[in-house]
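Below is one structure; the comments refer to it alone.
One-based numbering, in listed order, for ligands and for the atoms of each.
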Amino acid sequence: MKLNLKKTFIETLPADPVLDNSRRQVKEACFSYVIPKHTNAPEMLHVSEDMVETLGMSKTDSSSEAFTNVFTGNQVLKNTQPYAMCYGGHQFGNWAGQLGDGRAINLFEVEHNAKQWTVQLKGAGETPYSRTADGLAVLRSSIREYLCSEAMFHLGVPTTRALSLALSGDEVMRDMLYDGNSAYEKGAIVSRISPSFLRFGSFEIFAARQDHKTLKTLVDYTIKHHFSHLGKPSKDSYIQFFSEVSERTLDMIIHWQRVGFVHGVMNTDNMSILGLTIDYGPYGWLEGFDFGWTPNTTDRQHKRYRYGNQPNIGLWNLYQLANALYPLIEETEPLEAILENYKTDFEKKSLKMMQSKLGLTLSDAKDSELIQSLEDALLLTETDMTLFFRNLSNFKKGDAKKGLAIVKDAFYVFNEVSDSKAQHWRNWFESYDLRLEKEPLSDTERKRNMNAVNPKYVLRNYMAQLAIDDANKGDYKLIDALFQLLKQPYAEQPENEKWFAKRPDWARHKVGCSMLSCSS
Ligand code: AMP
Ligand code: MG
């Protein structure tokens with residue numbers, strides 16, 4: 001296994017001088033050296049061939065014993081020094097102090113094809129940041145992270161990637177539902193990959209501690225290595241840096257809204273500074289279109305991180321980042337202007353995204369109204385988001401009267417579409433049809449465009465759960481089947497038509513399918 005190893009993070013940024021792996025507050029340092037835990041019987045369950053190649057490895061490498069050992073933390077490569085990162089964060093709206101990589105351990109950086117990557121293990125044992133927890137991860141949450149991060153990539157959503165999914169061979173105690181019933185589960189380790197795992201909270205921690213020196217060192221590092229086009233450190237480049245983070249964050253969230261992804265825990269420690277989807281925990285996919293839906297049972301009461309609130313939370317989180325960067329900028333106006341821009345850009349980009357879902361290439365003054373009326377219609381009765389938009393591409397100019405029949409499969413209970421609801425839908429299809437008259441594209445061209453933004457296959461909550469149930473019994477075939485399916489989410493895959501269907505009824509209230517706790 002020949003990797004082009006790099007050490008820019010640990011060689012540039014201040015390290016925690018304490019080497020023992022005890023839980024503590026780590027000051028004036030960006031990371032702590034820590035060795036992953038030896039595991040009992042590491043077993044590779046799945047490898048992303050895409051990522052093997054991206055990192056400059058071969059197929060032979062990925063089936064070797066060394067690969068299994070390295071990517072489960074059982075072998076530390078020569079000349080590498082694994083480390084856990086120090087960060088803080090706002091959790092559910094409140095400053096939570098130091099959090100850090102409590103169960104993530106960065107192994108090394110790799111440069112391949114002029115791209116920089118950091119390789120990180122999740123679930124490889126405790127670190128100085130583990131607080132009261134064990135540093136481990138269970139199989140179910142690891143399967144969810146592994147499958148979803150690769151699926152999101154193929155959907156065109158900015159995301160961290162995953163290289164491998166392995167069993168540790170150890171058992172991990174979890175109270176899955178937080179109801180006092182703890183049980184042993186299989187432990188697992190995902191190796192995940194990103195140009196950087198820095199989060200908003202990585203910057204907030206130094207601002208909160210008024211350690212402006214380390215804050216500046218970290219910002220300068222981030223700009224130099226990840227925003228190098230912004231040039232030398234200066235007030236202007238710091239402002240520009242914040243502006244780009246803001247833009248990338250918004251773009252990522254617009255993609256989430258487009259595909260119906262709900263992150264579930266948008267705390268600032270889970271917001272990547274590169275605008276990538278990171279930390280797949282109790283996330284979920286909209287089945288019935290519903291702005292109020294959240295998969296996270298921990299958030300059941302306030303639904304802070306519900307689907308329709310994600311863009312607002314992105315903005316709230318950016319406010320926290322602006323506060324953290326303020327000591328280096330010392331002017332509020334430019335930061336406020338960027339935050340204001342987020343709001344107007346959101347309106348523009350959101351409209352554009354919805355127009356693309358409807359196959360509209362031109363802009364019409366009444367498009368916002370058309371979209372609002374559609375959203376109202378989608379909320380009238382439980383309507384599957386993925387099925388609806390995908391089937392809508394079969395609508396042809398002049399089809400107004402056939403509209404309902406074309407999208408019929410998307411309704412969970414068609415009988416619930418009462419006369420008045422059906423009338424709303426008929427009116428909407430009339431307006432849509434009229435609107436399409438103004439479009440230059442043919443029905444076929446429009447369908448092709450729509451099918452490139454409205455996925456046919458997403459990782460529905462019950463699908464991941466089926467793979468988990470099988471895996472817990474030692475059968476890993478479905479993990480691979482879903483992995484392959486989700487590599488081409490926009491393609492017609494006739495042999496996989498069974499996954500282009502509404503959530504089955506048994507999954508409506510099943511744990512893991514409709515609700516998830518943060519236990520992982
Ligand atoms: P999350 O909201 O899942 O991203 O986690 C919030 C914080 O808790 C992060 O600092 C994690 O590293 C930490 N954490 C979560 N689970 C564990 C665990 N099992 N062991 C140690 N730290 C954990
Ligand atoms: Mg996290």
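- Take the N/O/S atoms of Asp279: the one nearest the Mg ion (ligand 2) is OD2.
- Geometrically, ligand 1 and Asn267 share no nitrogen or oxygen pair separated by less than 3.5 Å.
- Checking Gly135, Gly281, Gly102, Gly88 against atom 20 (N) of ligand 1, the nearest heavy atom belongs to Gly135.
- Short contacts between ligand 1 and Asp279, defined as distances under 4.0 Å to a heavy atom of the residue, involve ligand atoms 4 (O).
- Contacts with ligand 1 closer than 4.0 Å are made by side-chain heavy atoms of Asp269 only, the backbone lying farther away.
- Residue contacts with ligand 1 leave out Glu126, since none of its heavy atoms falls under 4.0 Å from the ligand.
- Between the side chains of Thr159 and Tyr280, a donor-acceptor pair is found at a separation under 3.5 Å.
- Using cut-offs of 30° and 60° for the angle between ring planes, the Phe9 and Phe31 rings count as tilted.
- Listed by number with element, the atoms of ligand 1 under 4.0 Å from a non-hydrogen atom of Gly100 are 9 (C), 10 (O), 11 (C), 12 (O).
- A salt bridge links Asp279 to Arg199: at least one charged side-chain nitrogen sits closer than 4.0 Å to a carboxylate oxygen.
- In summary, Asn270 places an N/O/S atom under 2.8 Å from the Mg ion (ligand 2), meeting the contact criterion.
- If you number the atoms of ligand 1 from 1 as listed, the ones under 4.0 Å from a heavy atom of Asn270 come out as 2 (O), 4 (O).
- The Arg174 neighbourhood of ligand 1 comprises atoms 19 (N), with distances under 4.0 Å to a heavy atom of that residue.
- Distance CD/Gln484 to NZ/Lys487: 4.5 Å, rounded to 0.5 Å.
- Close contacts of ligand 1 with Gln91, meaning ligand atoms under 4.0 Å from a residue heavy atom, involve 6 (C).
- Note on Lys349 versus Asp251: salt bridge recorded, some NZ/NE/NH1/NH2 to OD/OE distance being below 4.0 Å.
- In this structure, Arg161 is not positioned above the aromatic face of Trp117 in the sense of NZ or CZ being under 6.0 Å from the six-membered ring centre and within 45° of the axis.
- Using a 4.0 Å cut-off between charged nitrogen and carboxylate oxygen, Arg140 and Glu185 count as a salt-bridge pair.
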